[in-house]
Amino acid sequence: MSLPVEEHHIITIAYDLLDADKGGELLERMDANYPFYFLYGTGKLLPAFEDHLCGLTAGDTFDFTLSPKQAYGPVEQGNIIDVTKEAFKIAGSIPANMIIEGNYVQLTDDLGDTHSGKILSFTDTHVKVDFNHSMAGKNLRFKGVVLNVRKATIDELVRKHYIQEDGIHRPDFGEFL
């Protein structure tokens, strides 16, 4: 008998993540050769994502769409700001390949916190950077299959993440988001 997707289980899935608003543009793929493993119910993943998988078993397919509200929220205009070019200096100068439209950059604020953003445009003195999550404002379609469900080990429960058989911790998907 197959175990269901539920708390304290390690879930292995293969999926395509598609932009439901752009004709199904592929944003990410985790296939059977490079599946996504995670400990269900740790709060590291989008709650609505986990809700859609709850109760499924190995071999079950899924196909669901998350609204921006269920995923990464709407695009907040307050997170799109003009930053002086001076903020991009590293060791006294701005790297030649840094300020390019579409580039993702990391900037540190006055409190020492690092923020990732996408360069939208620039002038001689300022750079317009979008600090919204890259998937904010998007309807995200997840289409895939549950490959395996197993009980988590004690170590996985204590660490609150999947541990590969070799014992090496590799960050969960949610740790990158």
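Residues Asp63 and Arg141 are paired through a salt bridge, judged by an N-O separation under 4.0 Å between the basic side chain and the carboxylate. Looking at Glu156 and Arg150, a side-chain N of the basic residue comes within less than 4.0 Å of a carboxylate O on the acidic one, giving a salt bridge. Contact check on Arg29 versus Asp16 returns a salt bridge, with a Lys/Arg side-chain nitrogen under 4.0 Å from an Asp/Glu carboxylate oxygen.
The two residues Gly137 and Asp21 come nearest to each other via the heavy atoms O-OD2, 4.1 Å. In terms of heavy atoms, Leu39 sits closest to Ala152 at CD1-CB, 3.7 Å. The two residues Ala136 and Pro74 come nearest to each other via the heavy atoms CB-O, 3.9 Å. Heavy-atom minimum distance, Ala48 versus Gln70: CB-CB, 3.8 Å. Contact detail for Leu147 and Ala32: the closest heavy-atom pair is CD1-CA, 4.1 Å. Across Ala71 and Leu140, no two heavy atoms sit closer than the pair CB-CD1, 3.8 Å.
Between the side chain of His133 and the main chain of Met135, a donor-acceptor pair closer than 3.5 Å is present. Listed for the Asn148 side chain is no donor-acceptor partner under 3.5 Å among the backbone atoms of Thr57.
Atom CD1 of Ile154 is separated from atom CZ of Arg159 by 13.0 Å, given to the nearest 0.5 angstrom. We find the OG1-CG distance between Thr65 and Asn139 to be 7.0 Å, quoted to the nearest 0.5 Å. With values rounded to the nearest 0.5 angstrom, Met98 atom CE is found 15.5 Å from Tyr104 atom OH. To the nearest 0.5 angstrom, His8 atom NE2 is 12.5 Å from Thr153 atom OG1. Expressed to the nearest 0.5 Å, how far CG of Asp82 lies from OG1 of Thr123 amounts to 7.5 Å. Separation of atoms CD1 (Ile163) and CG (Asp155) is listed at 5.0 Å; rounding is to 0.5 Å.
Under a cut-off of 6.0 angstrom, the local environment of NZ in Lys143 is sparse, with at most 12 non-hydrogen atoms contributed by other residues, nucleotides or ligands. Counted within 6.0 Å of CG on Asn33, heavy atoms from surrounding residues, nucleotides or ligands total more than 12; the atom is thus considered enclosed.
A side-chain contact (heavy atoms from CB on, under 4.5 Å) with Gln77 is found for one member of Ile81, Asn79, Val75 and no other, namely Val75.
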Applying side-chain contact (heavy atoms from CB on, under 4.5 Å) to Ile100 and Phe122, what does each step give before you reach the verdict?
CA-CA 8 Å; Ile100 299 172; Phe122 57 91; 5.7 Å; no
Would Thr125 and Thr84 satisfy side-chain contact (heavy atoms from CB on, under 4.5 Å), going step by step from the backbone distance to the final call?
CA-CA 6 Å; Thr125 59; Thr84 65; over 6 Å; no
Show your reasoning for whether side-chain contact (heavy atoms from CB on, under 4.5 Å) applies to Lys128 and Val83.
CA-CA 6 Å; Lys128 185 177 291 292; Val83 180; over 6 Å; no
Glu28 and Tyr15: CA distance, side-chain angles, deciding distance, side-chain contact (heavy atoms from CB on, under 4.5 Å) verdict
CA-CA 8 Å; Glu28 178 177 84; Tyr15 68 89; 2.5 Å; yes
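Following chains of ILVMFWY side-chain contacts shorter than 4.5 Å, one can reach Ile99 starting from Val129, so the two form part of one hydrophobic cluster. Each of Val145 and Leu53 belongs to its own hydrophobic cluster when Ile, Leu, Val, Met, Phe, Trp and Tyr are linked at side-chain heavy-atom distances under 4.5 angstrom. The cluster map of Ile, Leu, Val, Met, Phe, Trp and Tyr, joined by side-chain heavy atoms under 4.5 Å apart, puts Phe49 and Leu27 in the same cluster. The cluster map of Ile, Leu, Val, Met, Phe, Trp and Tyr, joined by side-chain heavy atoms under 4.5 Å apart, puts Ile94 and Val105 in the same cluster. Cluster annotation: Phe36 and Leu3 are assigned to the same hydrophobic cluster (Ile/Leu/Val/Met/Phe/Trp/Tyr, side-chain heavy-atom contacts under 4.5 Å, transitive).
Between Pro4 and Val149, the closest side-chain pair of non-hydrogen atoms is not below 4.5 Å. Annotation: side chain of Gln106 is not in contact with side chain of His115 (no heavy-atom distance under 4.5 Å). Residues Ser121 and Glu101 are in side-chain contact: their nearest non-hydrogen atoms beyond the backbone lie under 4.5 Å apart. Residues Met30 and Ile13 have side chains not in contact (no heavy-atom distance under 4.5 Å, counting atoms from C-beta outward). A 4.5 Å side-chain heavy-atom check between Leu18 and Glu25 finds every atom pair outside the cut-off. The closest side-chain heavy-atom distance from Leu45 to Tyr40 is not below 4.5 Å.
Ring orientation note: the planes of Tyr162 and Tyr37 are close to parallel, at an angle under 30° on the 30°/60° scale.
For His52 and Phe64, the gap between ring centers is short of 6.0 Å. No close placement of the Phe142 and Phe62 rings is indicated, their centers lying 6.0 Å or farther apart.
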